[in-house]
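See below for the structure under consideration.
Whatever order the structure lists them in is the order used to number ligands and atoms, beginning at 1.
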Amino acid sequence: MIGQTELVDRVKEYDPKFDETLINRAYDFSKRAHGSQTRDSGALYFSHPLEVADILTNYRLDGASIVTALLHDTLEDTDTTETDIRDNFGDEIAQLVDGVTKLTRLELQSNKAKQAENFRKFVLATSRDIRVLLVKLADRLHNMRTIRHVDKPERRRRIARETMDIYAPLAARIGMHDIKDELEDLAFAELNPDARDSILRRLTFLREEGGNLVERIIAELNQVMADEGIEAVVSGREKSSYSIWRKMQRQQVEFEQLSDIMAFRIVVDDVLDCYRILGIIHGRYSAVPGRFRDYLSTPKPNGYQSLHTGVLGPEKHRIEVQIRTHKMHDIAERGVAAHWRYSDIGSGPVSSTGMADGKQYRWLQELLDILDDAAGPEDFLEHTKLEMFSDQVFGFSPKGEVYALPRGSTPIDFAYAVHTEVGDHCVGAKINGRNMPLRTQLQNGDQVEILTSENQTPSPNWEQLVVTGKARARIRRVLRHQQLEQYAVLGRSIIEKAFQRHDETLDEDKLAGVLGEFHADSVEDLYALVGQGVHTGRAVMRILFPDKDGDGTRSTGGSIFSLRRTRRNSTKASEHSVPISGLIPGMAVHLAKCCYPLPGDRIVGVTTTGKGVTVHTIDCMTLEAFAESPERWVEVSWDVDDEDAAKQVSRLNVTLVNEPGSLGELANIIAQAGGNISNLKFTNRNPDFFDMTVDIEVDNNKHLNDVMTALRAGRSVSSVDRARS
Ligand code: MN
């Protein structure tokens, strides 16, 4: 284990400006705070923060990070308070320690939902100061290196799972591949020891069988470089057991078929040499198709640069060759921690304090940009395997806020999660920058921008589109309210007309006096009850003007008389003879004058304030205008037998050939088919054809079809269609 003096010396070497007494104080402070606490291994607890600090010196992290590493468990595991840290080490250190502590607390939550909830805070917290994440990764690395000391198998598994799902991808994301590889391998050993063992056994066998194959290939590649006069460092290794395992899974192949389990690296000084070497390798060995990648001209999002190719190399072994410069190599292995070395300023420690002058730590800003949003969240979440929270999806607002929603959630759920107002006025959504329907189910990492309009209110079909309770409850409430409002408007106009029939004008004071009779709480409430059909306008009038009958004339016969009158009215007035059922009593019904529905047609009613219900055929074009207001649609059906139905008028659009006798033929065909033309109107004439609408009285839609079929057979009839709008 590293000693105090050695630690201080190491940091001094690369961060000479840092106050070394701070490191010494942190060392003593942490040692005292952890006191006699021990780890699962039996070692003194203090050995852990010290090892974490040691790991971080390898990445030449600044003094503040090293101090943070030493103190990282004091808040969680000892009596130390944040104030203690602040008083002793200042604001910067206090914030860093606090950040690491928060992440540690997240790990302690066993509940999956909570983990998911907190994971986003995790990301946000780390993006505030990358050093928090770096300390956390070193902490996790040391814990994984010592995980064998943890007694409970399920606890070991949980930690390993979390490492595999969250920390290894995070390390990869910020380019720290050596930490990623080690974390993966340690977690793999815990999660799938059998698979790992068999891969290791197989590797050992190959090694024995092939002799020192890796060395022989390195030697040959070195010779090739020497022949070409290129100064290069060649190295080679077997791939890690976990990456071999992943490859076997991904490609669905047996180990025997996996030939390229060896990777070789050629590292040079100059970028141009990289391409030169690529040419030499491809000239010398046959390239495996589809394996060439140029991350040199197109770096990965985390800044990784290298040329990759696969060849049938020395002794016909299939190998992977990576070609890069020393600088690229360092960044590939050490990620963000390596960037500073190549910054304009030259050497200096990794810290975020240089953010202010912009240039020096531009890498840090770039990394934050990656973590922040842009192509970030989607990519980021994809890599962090959030499938572990398979019952949830995470959506990002354009500002980068994360919302955890149940799987199956739609943009409407998202909108209500953001704010009730946003939900209520939601008219559309852009998902990952594209306009998408509101029914679209959100995917993990989707960036969701909700489009709103002041005039929009929740639509009844939204209820089918949401899965969150919050959204559903709110939508129902609003709809109920809207419906009552509409009933009230309808009821008011019914009552207003009733007043007019009595030669009176609407008088709300009078109505307020009779509310009790109708069990209404307010005049508005009474309107709604009348609009809903619970009470009729006539009933209200009877209470208000008991000495007048329903038509405003004096009533002598009381209720029997008015009932009789009502009946007579209903058979006389054409509006009331519409044989439609499925409506609330007292509602006026009209057959639409656009599609002329006939008994037998599939129909639907549309309510219109003050006018009652208009009935359309289901395929009427006019209905499109009401597509956005399904709350106005009512289900209706024909209330007649085909036999004794009264004749109904329907309308046809007919095109006739313009020739003598064609109109006569039309009239003849219709008469023979039992129809009766009630009206006929030309809509367009030209030398060859004329278009007209023909209104015909028929029994029902079947009868009309017969008429139409007969017309189509007519010599001078060019086309026949039912009016649809
Ligand atoms: Mn720790």
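Side chains of Thr57 and Arg10: a donor-acceptor N/O pair is present below 3.5 angstrom, by distance only. Side-chain atoms of Asn24 and Gln4 include a donor-acceptor pair closer than 3.5 Å.
Looking at Glu320 and Lys239, a side-chain N of the basic residue comes within less than 4.0 Å of a carboxylate O on the acidic one, giving a salt bridge. Residues Lys327 and Asp269 are not paired through a salt bridge, judged by the lack of any N-O separation under 4.0 Å between the basic side chain and the carboxylate.
For the pair Arg25 and Phe89, the distance from NZ or CZ to the six-membered ring centre is under 6.0 Å and the angle to the ring normal is within 45 degrees.
Under the rule for a salt bridge (charged side-chain N to carboxylate O under 4.0 Å, His left out), Glu449 has no partner lying at least two apart in sequence or in another chain.
Around the Mn ion (ligand 1), the protein contributes the following N, O or S atoms at distances under 2.8 Å: His48 NE2, His72 NE2, Asp73 OD2, Asp139 OD1.
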